[in-house]
Amino acid sequence: MQCMRILQLHCDYIEFTPVKKEIKSAEEIDPQPKHLDEVVVAFVAVEEGDNFDVAKKAMNEISESMKKIGCNKLLLYPYAHLSSKLASPNTALSVLKEMEMQEKGLEIQRAPFGWTKSYKIQVKGHPLAEHSKTISAGEEKEFTSEALKAESKIQSFWHIMTPDGKMHDIDKFNFAKHQSLEVLTKYEAAKKRSVDEPPPHVKLMKKLAIADYEPASDAGNMRFFPNGRLIKSLIERYVTEKVVEYGGFEVETPIMYDSHHPSMESYFNRFPARQYNVNSEGKQLFLRFAACFGQFLMAKDFQMSYRNLPLRLYELTRYSFRREQSGELVGLRRLRAFTMPDCHAMCKDMKQAKEEFRKRFDLSRQVIKGLGLDEADFEMAIRFTEEFYNENKELVEELVSKMGKPVLVEMWKERFFYFVLKWEFNYVDNLGKASALSTDQIDVENGKRYNIEFIDETNKPQNPIILHNSPSGAVERVIYVLLEKAAKDQREGRKPGLPLWLAPTQVRVIPVKPEFFDYCEKLSDKISQHDIRADIDDRNESVGKSIRDAETDWIRYIIVIGEKEVNASKLSIRDRKTGTVKELTMDELIREIKEETQNMPFLKMNMSRYVSKRPQIMV
RNA sequence: GCCUCGAUAGCUCAGCCUGGUAGAGCGAACGCCUCGUAAGCGUUAGGCCGCGGGAUCGAAUCCCGCUCGAGGCUCCA
């Protein structure tokens, strides 16, 4: 159906200058620059079939929403680019004039029609500032942006579900034994999020030379030092291995897309103004905010039969970009450029989708565990439409029961998003901030929207149901969680550390005197041959100083080499985990490390083995 | 976008209120020490005190504007 498209922006100001006539029927006007302050700008595209009725309806809606935001100055700005099915210029102009004529107690101005205009605009930041509408002659239809979710009519009902499948009222549930679930519940349901200190992982990420802000880039684009790159690579490798084991096929898709490609249009209706834009050779490109469209556009070009399903496509996006508002960015928790493992499964029907959904739930739990987190470290939330729940109670209850502890439930009266069921694992950090790690969704909308088709048993084309899963969540966020967890250990008097398989240095060898350098080098060589990251503190420092430095770097095993060790088979090994010095042979040590890191990926040391050769990155 | 805070040596910061020679610790370079499980000692180098303006005999310090950054709020497909 054709309908008028309006993008409505509440602005501090707009300034525009008619540059030249775009079409013959352009209005005859004096091309003077114009400046308006405190104004609502409505970019309007008139489509085929729009009439005066639509004009009236549109003005009703606009004045309605302007009342809400308390602004009565309106600029109607003809804007053809919102539509690919434009009305003829004559019709469009008369519809626009009709809109201008509507008496709504507003101060209405109109930018000239048919001119190329240059303009400068400053849009306000409040939630109601951006708004897009489509208005048709028939029934009223309004796409509300995600930013307006709270304002929209969708209603959420919050509950707690216990592992036995029972639903509890959140006000009556006893949170005594489930404190972080309580935090998550308040965070989500009541939107209570007041904090007045920076999260502790920010200091740690610098101190451990993992990552830092890059002032020459945009906010939320971090730089990762060798240690951070190593940790990221290991996590990426681990997650990828697990997804491939599960049956995912790894692909790679472009990081930028044409904003005017038809497939992107509907996305922009729903989620405006949160992406980075890049202009190149007259094209308006945007940087991807997820791997979804890349994989959907790819799957659309596959010839698929129901026999091929489920088909699992996987990509580790480095990067996905989301231009979050500057004030929302926090250390490694929330970034504008982040690495996201993203796995979609195309399923032939709901039965298969549910089966697949279970597998991925298990996969995600396994991945999270491998990353060093257990059930006590995160809280699950599950969200669904009422209809889906009534038809699939057994699936929801099964997942909650597997989780083995109470879970936050959000239920919607109607489907608003593209999915009918979604769960996520949320980490609740030291300041009571919740952020999502793993997640999976059952998407019943995008198969059709992207025209992805498979041929079913009866030789008919069908759109698949698509699952969206990130088994770990953003890789940077995983690091944030590990550091926050370490900070918690530190605060509660335990020694902080990283999982051994992620430690940039696993074993440090320290000579008592320089004359033992050679011996240390040979020892570290031998240990390294077993895929263990071992280095040598070859600086001419006191033993005390070297040990202190190794401790503050969270190095798990410290071997001090002196007279005694050179002449004996046992090594004296300081184990950070126990805080004691123990005597082990090299083989025993190697065995212990291999056991603790088994089945986890390995990468060689990403820095000089010689501490004296390393630049000082952070103090 | 709004609010708060910040910007001084490579890093972390003091000095600012009450204007008058630019400070410390860490790190770096050099030297001494040759060391047994969390900091050995000394010397040296290193500064457009974010940018622009104002009042003042005189500004890192007071006033105004700007830029950049961080955190919080809103938000997070």
Side-chain angles (χ1 to χ4, degrees), chain A residues 9-12 122-130 145-150 188 191-199 202-203 206-207 209 212-220 266-275 288-290 292-293 320 322-331 333-336 338 416-419 422 431 433-436 439 441 443 445-446 468 474 477 495 508 510-516 537 540-553 555 558-565 572-576 579-582 614-619:
Chain A
L9 303 171
H10 187 199
C11 305
D12 290 323
Q122 171 84 41
V123 181
K124 290 181 184 292
H126 63 78
L128 294 171
E130 298 173 328
S145 80
E146 172 64 0
L148 293 167
K149 177 177 157 193
E188 287 289 329
K191 305 283 178 198
K192 185 187 170 187
R193 321 178 176 185
S194 175
V195 169
D196 54 1
E197 48 179 323
V202 173
K203 269 203 163 145
K206 295 185 189 191
K207 190 183 82 94
D212 194 13
Y213 303 107
E214 172 52 74
S217 180
D218 189 28
S266 46
Y267 255 90
F268 282 114
N269 269 334
R270 265 198 146 141
F271 314 115
R274 277 292 165 118
Q275 71 283 337
R288 66 174 172 199
F289 37 84
C292 300
F293 13 88
S320 287
R322 294 184 194 180
R323 219 205 51 218
E324 311 288 9
Q325 293 177 76
S326 61
E328 298 160 4
L329 304 164
V330 190
R333 183 158 82 96
R334 191 92 168 267
L335 297 170
R336 282 183 173 174
F338 55 95
F416 172 75
F417 299 101
Y418 53 76
F419 49 83
K422 173 192 185 179
L431 305 176
K433 288 279 182 180
S435 35
T439 177
Q441 306 164 352
D443 170 355
E445 194 176 296
N446 283 307
H468 299 232
R477 188 170 278 186
K495 276 196 179 179
R508 169 151 303 165
I510 299 174
V512 171
K513 284 189 275 189
E515 58 182 283
F516 302 120
D537 190 345
N540 190 4
E541 294 285 356
S542 69
V543 176
K545 165 86 167 172
S546 291
I547 288 186
R548 182 183 152 84
D549 286 351
E551 285 282 349
T552 55
D553 281 347
I555 294 171
I558 302 171
I559 308 179
V560 176
I561 296 294
E563 218 86 40
K564 210 172 78 195
E565 288 74 20
S572 90
I573 297 160
R574 189 179 158 114
D575 184 345
R576 180 174 167 76
T580 57
V581 177
K582 56 188 175 188
R614 294 181 189 169
Q616 200 70 33
I617 294 176
M618 283 284 167
V619 185

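Each chain gets a letter, A, B and so on, in the order its sequence line appears, and its residues count up from 1.
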### Between B:rA70 and B:rC62 - C1' atom distance, rounded Å
26 Å
### Query
Rounded to the nearest 0.5 Å, how far does NZ of A:K422 lie from NE2 of A:H468?
10.5 Å
#### Entry: Heavy-atom side-chain proximity of A:E541 to A:I510 below 4.5 angstrom
no
#### Entry: B:rA60 to B:rG15 separation - C1' atoms, rounded to the nearest Å
8 Å
### Message
Checking contacts here: which listed nucleotide (B:rC35, B:rA38, B:rA77) is nearest the side-chain heavy atoms of A:I547?
### Response
B:rA38
### Task
Using whole Å, report how far CG of A:L329 lies from C1' of B:rC76.
10 Å
### Task
Mark up nucleotides 39-45 of chain B, 5' to 3', with B wherever a protein heavy atom is under 4.0 angstrom from a base atom, S wherever such an atom reaches only the sugar-phosphate, and - elsewhere.
BS-----
### Query
Rounded to whole angstroms, how far apart are CD on A:E515 and P on B:rC35?
8 Å
### Query
Distance between the C1' atoms of B:rA9 and B:rC49, in whole angstroms?
10 Å
### Task
Under the salt bridge (charged side-chain N to carboxylate O under 4.0 Å, His left out) rule, collect the residues that match up with A:K495, sequence neighbours excluded.
A:E551
### Query
In whole Å, what separates the P atom of B:rU61 from that of B:rC2?
27 Å
### Query
Just how far, in rounded Å, is P of B:rG25 from CD of A:Q616?
17 Å
### Message
Please enumerate all residues that pass side-chain contact (heavy atoms from CB on, under 4.5 Å) together with A:L329, with sequence neighbours excluded.
### Response
A:A219, A:E324, A:R336
#### Entry: Side-chain N,O (A:Y213) to OP1/OP2 (B:rG71) below 4.0 Å
yes
### Message
Give me the distance, rounded to whole Å, that separates B:rC11 from B:rG47 when you measure between the C1' atoms they each carry.
### Response
14 Å
### Query
Atom CD of A:E565 to atom P of B:rG36: distance rounded to whole Å?
12 Å
### Query
In Å and rounded to the nearest 0.5 Å, what is the CD1 to CG distance from A:I555 to A:D537?
8.5 Å
### Query
So do the side chains of A:S435 and A:R334 get within less than 4.5 Å of each other, counting heavy atoms only?
no
### Message
Rounding to an integer number of Å, can you tell me how far A:R333 CZ sits from B:rA70 P?
### Response
15 Å
### Query
Is the phosphate of B:rA38, meaning OP1 or OP2, less than 4.0 Å from a side-chain N or O of A:R574?
yes
### Task
Compare the minimum distances between each of B:rA38, B:rU37, B:rC76 and the side chain of A:T552, then state the nucleotide with the smallest one.
B:rA38
### Query
Atom NZ of A:K433 and atom P of B:rC75: how far apart are they, to the nearest Å?
11 Å
### Message
Roughly how many Å apart are B:rG1 and B:rC48, using the P atom of each and rounding to a whole number?
### Response
31 Å
### Involving RNA chain B, stems made of at least three consecutive Watson-Crick or G-U pairs, both distances under 3.5 Å
B:1-7 with B:67-73, B:10-13 with B:23-26, B:28-32 with B:40-44, B:50-54 with B:62-66
### Task
Measure from the side chain of A:Y418, starting at C-beta and using heavy atoms only, and say which of B:rU37, B:rG71, B:rA77 lies closest.
B:rA77
### Query
If you check every side-chain atom of A:E563, which of B:rA28, B:rG36, B:rA38 has the closest atom?
B:rG36
### Close side-chain approach of A:F419 and A:E445, heavy atoms under 4.5 Å
no
#### Entry: Any residue meeting salt bridge (charged side-chain N to carboxylate O under 4.0 Å, His left out) with A:D443, in chain and number order, not counting sequence neighbours
none
### Query
Can you tell me how far C1' in B:rG27 sits from the matching atom in B:rU12, rounded to whole Å?
11 Å
### Task
Please determine, for the side chain of A:R334, which listed nucleotide (B:rA28, B:rC76, B:rC35) has the closest atom?
B:rC76
### Task
Check for a donor-acceptor pair, side chain of A:R322 on one end and backbone N or O of A:F289 on the other, with a separation under 3.5 Å.
yes
### Task
Measure from the side chain of A:P514, starting at C-beta and using heavy atoms only, and say which of B:rU34, B:rG72, B:rU37 lies closest.
B:rU34
### Query
Taking only residues two or more places apart in sequence or in another chain, which ones pass side-chain contact (heavy atoms from CB on, under 4.5 Å) with A:E565?
A:I561, A:S572
